[in-house]
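Have a look at the structure below, then the notes.
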Amino acid sequence: MTDKNKRKADIIAVAKAANVSPSTVSRTFNHPELVNPATRKKITRAVERLGYIRNRTAQVMHGRRSATIGLIVPTIDHAIFAEVIQSFSDAVDAAGFTLLIASHGYDLEREHAMMRKLLEHRVDGIALIGLEHSEASFQLIEQQGIPAIAIWNHDEDSAMSCVGANNIQAGRLAAEHLLELGHREIGLIFPSVAGNDRAAGRLNGALAALRKQGVNVRETWRSEAPYSIAQAKLAALDLLGSETRPGALLCGNDVIAHGALFAAQNLGLRVPDDLSIIGIGDFKGSEDIEPGLTTIRIPAQSIGQIAGERFAQIITEGDENIFRFCCDLACVVRGTTAAV
């Protein structure tokens, strides 16, 4: 053992510095509500002074919870999931859990690999984005008997607990808003639906609403863009730069809608006079751009908070019942849409 390792404080040193028993130190970490506040304060000061870090691995080896939750998201590169991740993290932190985050880049095979790595760290539960995952991932969750929850999507028949929105309804609401304004020449810019049930649901909902009113979207008015403002702008420039262009764009999320707005402005189009644009999500910044983006609000903060609070409860209480919660959606009308 190196001199550096020898100098690391252990629970005995903390107890001695705080003039309490080692069991009281342990209780302060695991059940702080059972320890006198003044005693907790003394122990906290001793922990900070000595730089003590408790050994979670040893706790897990003795059959105790690791007090960690694994969250696997498609991306942390954009604002799409930032709000839901933050509120989920705050909720599980308040319940005494630490969040470990991994990203799979919209690759469900990589998601399965990330899940295995988190399970190697003995997380107490796995949180995933959406309800579309590989069969191997579902099988691993069942084999390990670990609590799991899906965030962002809701399905009343889901095989696992879920907290989220009905994305089919989100797409339908966006299309219905444009139709109510009299638009019939409508273009679509969506992300790839491969491994992305959120995008697939929104696209299917929008197309169903348009077909119901006899509106068929031209193939040349359909485009695909990833979760990137820059690439969405390029896709919109190509779509809007053709000889005939739509009078409205329905975008699969606010990130793409931002890119479409910048493309329209680059082409000298007046929004909403020459072109209406609607997004889905109502992410931070959508209200502040000029003009403010009309969008379908998905309550990300509420979704994250409800999912975090309920998941912590499921893990702590060992509740094996499937929990499903669907959040309400709303069409937020701002400055990027107008009647024909």
Side-chain angles (χ1 to χ4, degrees), residues 75 77-84 86 152 165-167 169-183 185-191 196 198-199 201-203 205-206 209-210 217 221-240 245-303 327-340:
T75 179
D77 195 32
H78 299 295
I80 289 178
F81 300 114
E83 195 171 357
V84 74
Q86 185 63 59
W152 206 245
N166 184 325
N167 282 283
Q169 182 188 16
R172 177 176 59 79
L173 288 174
E176 287 177 349
H177 174 69
L178 295 178
L179 291 168
E180 288 168 2
L181 293 175
H183 290 284
E185 297 183 337
I186 299 172
L188 304 174
I189 306 180
F190 274 73
N196 187 338
R198 287 83 59 202
R202 295 173 191 180
L203 179 59
L210 294 174
V217 181
W221 289 355
R222 293 184 60 165
S223 186
E224 190 173 287
Y227 292 84
S228 162
I229 291 177
Q231 293 188 59
K233 178 181 176 181
L234 291 175
L237 283 171
D238 184 58
L239 191 154
L240 297 172
R245 60 171 176 78
L249 282 180
L250 195 165
C251 301
N253 56 63
D254 281 12
V255 172
I256 292 176
H258 288 191
L261 175 61
F262 297 149
Q265 292 170 339
N266 181 272
L267 292 171
L269 298 175
R270 297 170 301 162
V271 177
D273 296 338
D274 300 325
L275 177 72
S276 284
I277 299 173
I278 188 170
I280 298 175
D282 197 21
F283 306 138
K284 288 183 178 179
S286 292
E287 182 179 8
D288 302 317
I289 59 175
E290 288 294 336
L293 180 67
T294 295
T295 185
I296 305 302
R297 175 175 292 158
I298 297 178
Q301 185 174 353
S302 295
I303 290 173
C327 294
D328 294 331
L329 302 173
C331 183
V332 182
V333 181
R334 298 193 180 107
T336 59
T337 55
V340 176

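Here the structure is a predicted model, which means the values were calculated and not measured.
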For this session: Could I get the full list of salt bridge (charged side-chain N to carboxylate O under 4.0 Å, His left out) partners for E176, not counting sequence neighbours?
Result: R172
For this session: Determine yes or no for a side-chain-to-main-chain donor-acceptor pair under 3.5 angstrom, with H183 supplying the side chain and A338 the backbone.
Result: yes
Heavy-atom side-chain proximity of [X] to [Y] below 4.5 angstrom:
X: R222; Y: L203; result: yes
X: N167; Y: I298; result: yes
X: F190; Y: I256; result: no
X: L267; Y: L275; result: no

For [X], all residues meeting side-chain contact (heavy atoms from CB on, under 4.5 Å), sequence neighbours excluded:
X: R334; value: D282, S286, E287, T294, T295, R297, V332
X: A257; value: C251, I277, L293
X: Q301; value: E83, S87

Distance-minimising heavy-atom pair for [X] and [Y]:
X: L188; Y: L249; answer: N-CD2, 4.5 Å
X: D254; Y: G281; answer: OD1-N, 3.7 Å
X: G187; Y: P246; answer: N-CB, 3.6 Å
X: A300; Y: V84; answer: O-CG2, 3.6 Å
X: G259; Y: A232; answer: CA-CB, 4.2 Å

Please report the interatomic distance [atom1]([X]) to [atom2]([Y]), rounded to the nearest 0.5 Å.
X: T75; Y: Y227; atom1: OG1; atom2: OH; result: 9.5 Å
X: H258; Y: N253; atom1: NE2; atom2: CG; result: 9.0 Å
X: T337; Y: L181; atom1: OG1; atom2: CG; result: 5.5 Å
X: I229; Y: Q231; atom1: CD1; atom2: CD; result: 11.5 Å
X: L239; Y: L234; atom1: CG; atom2: CG; result: 12.5 Å
X: C327; Y: I303; atom1: SG; atom2: CD1; result: 4.5 Å

Exercise. Name the one of I296, I278, L250 that satisfies side-chain contact (heavy atoms from CB on, under 4.5 Å) with H177?
Worked result: I278
Exercise. Crowded around D274 CG? As in, over 12 foreign heavy atoms under 6.0 Å?
Worked result: yes
Seminar exercise, completed: By side chain to side chain donor-acceptor pair (under 3.5 Å), Q265 pairs with (sequence neighbours left out) none
Exercise. Who passes side chain to side chain donor-acceptor pair (under 3.5 Å) against D238, sequence neighbours left out?
Worked result: none
